[in-house]
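What follows is one structure encoded as C-alpha cells, with my remarks underneath.
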Amino acid sequence: MRYWLMKSEPSEFSIEDLEKRPDQTEPWDGVRNYQARNMMRDEMKMGDQIFFYHSNCDVPGIVGIAKVSREAYPDFTAFDIDNKHYDPGSKPDDPRWFMVDVQFVRKLKRTIALSELKDRPELEGLALIRRGNRLSVMPVSEEQWRFILSLE
DNA sequence: GCCAACGTTGGC
DNA sequence: GCCAACGTTGGC
C-alpha cells in the first residue's frame, strides 16, 4: 500500500464535505496537471491512504485521512462544456484527464499546519514543502506518513 | 526548438 | 490583494 497527499481548497471541497457525502466518497475531479494526472492514473491503487490537505485558507495544512475507493477512470467534467474544468482537448473516446474516487477515513484531532511541517527536519524530502511546489497530488513515503501522524 | 506572454497556484 | 514560481501557449 502506498501513501499520498491531496490538496483541496476548503471553500471548494473540504474534509467536512467529504464526510457528509452519503457514502463518504467523492470523485477527485478537476485535476489538470499532467504529473498529478499520471500519479492518479498509473499509481494510485484501491485502499491507498491519503492525507487530505486544505490549501488557500487561513491555516493551510493536513486535516484528515482518506483512501482510494475507486481506481483511475476518465474525468467526465472535462467533457462538460458548462463545467469550469471543461477541456475541449479531452474526448470520451480519447480522454486526457483521469481521476480516482476518495473515501473519508477520519479527521485528524487537529490541523497539522504547513508551517509546522516546514519546521521538521524529518520532512525535508516531502514534496509539499519543496520550494515552489504546486502539485495537487503527491506521494508521501511510509516514514513521512508515520512521522506526520506522530505529530497529531 | 526558443522564449515571451499569459494564466494559475497558493502562501503570506 | 500581492506576487513568486511554475506550466502552457503560440509566434517565429
Side-chain angles (χ1 to χ4, degrees), chain A residues 2-21 25-44 48-68 72-141 143-145 147-152:
Chain A
R2 297 189 59 183
Y3 301 92
W4 306 93
L5 182 147
M6 296 173 100
K7 295 180 186 173
S8 183
E9 301 191 15
S11 60
E12 297 292 319
F13 188 73
S14 68
I15 185 82
E16 287 80 14
D17 293 328
L18 182 62
E19 185 177 17
K20 278 185 254 167
R21 285 287 183 272
T25 286
E26 181 77 359
W28 201 267
D29 62 83
V31 172
R32 296 294 179 268
N33 171 281
Y34 288 103
Q35 254 186 291
R37 177 206 66 181
N38 291 349
M39 284 187 270
M40 289 200 292
R41 188 189 58 189
D42 306 333
E43 298 183 52
M44 295 184 80
D48 280 5
Q49 302 268 105
I50 302 159
F51 277 138
F52 198 113
Y53 178 91
H54 279 176
S55 66
N56 239 321
C57 54
D58 282 353
V59 184
I62 297 168
V63 294
I65 297 175
K67 65 181 181 185
V68 177
Y73 61 108
D75 181 341
F76 46 73
T77 65
F79 310 140
D80 176 4
I81 196 161
D82 294 324
N83 192 284
K84 75 170 173 182
H85 300 296
Y86 174 64
D87 178 2
S90 186
K91 306 281 185 205
D93 58 354
D94 186 20
R96 175 180 291 173
W97 304 112
F98 289 79
M99 61 188 174
V100 297
D101 285 359
V102 306
Q103 183 168 34
F104 179 82
V105 173
R106 69 177 179 90
K107 288 209 263 188
L108 297 191
K109 290 173 225 143
R110 65 183 193 87
T111 298
I112 301 176
L114 175 64
S115 56
E116 197 176 339
L117 299 172
K118 280 181 171 169
D119 281 345
R120 295 292 185 161
E122 294 89 340
L123 297 175
E124 226 164 59
L126 187 65
L128 180 71
I129 59 181
R130 276 209 292 267
R131 200 168 135 268
N133 168 67
R134 296 186 340 191
L135 263 187
S136 60
V137 178
M138 68 190 78
V140 175
S141 75
E143 293 72 27
Q144 291 164 343
W145 179 274
F147 179 75
I148 291 169
L149 278 184
S150 79
L151 300 174
E152 187 184 5

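Numbered from 1 within each chain, the chains take letters A, B, ... in sequence-line order. No experiment lies behind these values; they were computed from the predicted model shown.
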- Item | Lys7(A) vs dT9(B): side-chain N/O to OP1/OP2 distance below 4.0 Å | no

Provide, to the nearest angstrom, the distance between the [atom1] atom belonging to [X] and the [atom2] atom belonging to [N].
{"X": "Tyr53(A)", "N": "dT9(B)", "atom1": "OH", "atom2": "C1'", "result": "11 Å"}
{"X": "Leu128(A)", "N": "dG11(B)", "atom1": "CG", "atom2": "C1'", "result": "11 Å"}
{"X": "Asp58(A)", "N": "dG11(B)", "atom1": "CG", "atom2": "C1'", "result": "12 Å"}
{"X": "Arg32(A)", "N": "dT9(C)", "atom1": "CZ", "atom2": "P", "result": "13 Å"}
{"X": "Asn33(A)", "N": "dG7(B)", "atom1": "CG", "atom2": "P", "result": "19 Å"}
{"X": "Asn133(A)", "N": "dA4(C)", "atom1": "CG", "atom2": "P", "result": "18 Å"}
{"X": "Lys84(A)", "N": "dG7(B)", "atom1": "NZ", "atom2": "P", "result": "17 Å"}
{"X": "Tyr34(A)", "N": "dG7(C)", "atom1": "OH", "atom2": "C1'", "result": "11 Å"}

- Look at the side chain of Arg134(A) against the base of dT8(B) and say whether a donor-acceptor pair falls under 3.5 Å; ignore hydrogens and angles. yes

- Give a yes or no on whether Glu124(A) atom CD has more than 12 heavy-atom contacts from other residues, nucleotides or ligands under 6.0 Å away. no

- Query: Sub-3.5 Å donor-acceptor pair from the side chain of Lys118(A) to the main-chain atoms of Ile129(A), do we have one?
  - Reply: no

- Message: Quick check against the 3.5 Å criterion: does Arg120(A) have a side-chain atom that pairs as donor or acceptor with the backbone of Ile148(A)?
- Response: no

- Query: Knowing that exactly one of Arg41(A), His85(A), Arg32(A) qualifies, which makes a side-chain hydrogen bond (donor to acceptor under 3.5 Å, both in side chains) with Asp75(A)?
  - Reply: Arg32(A)

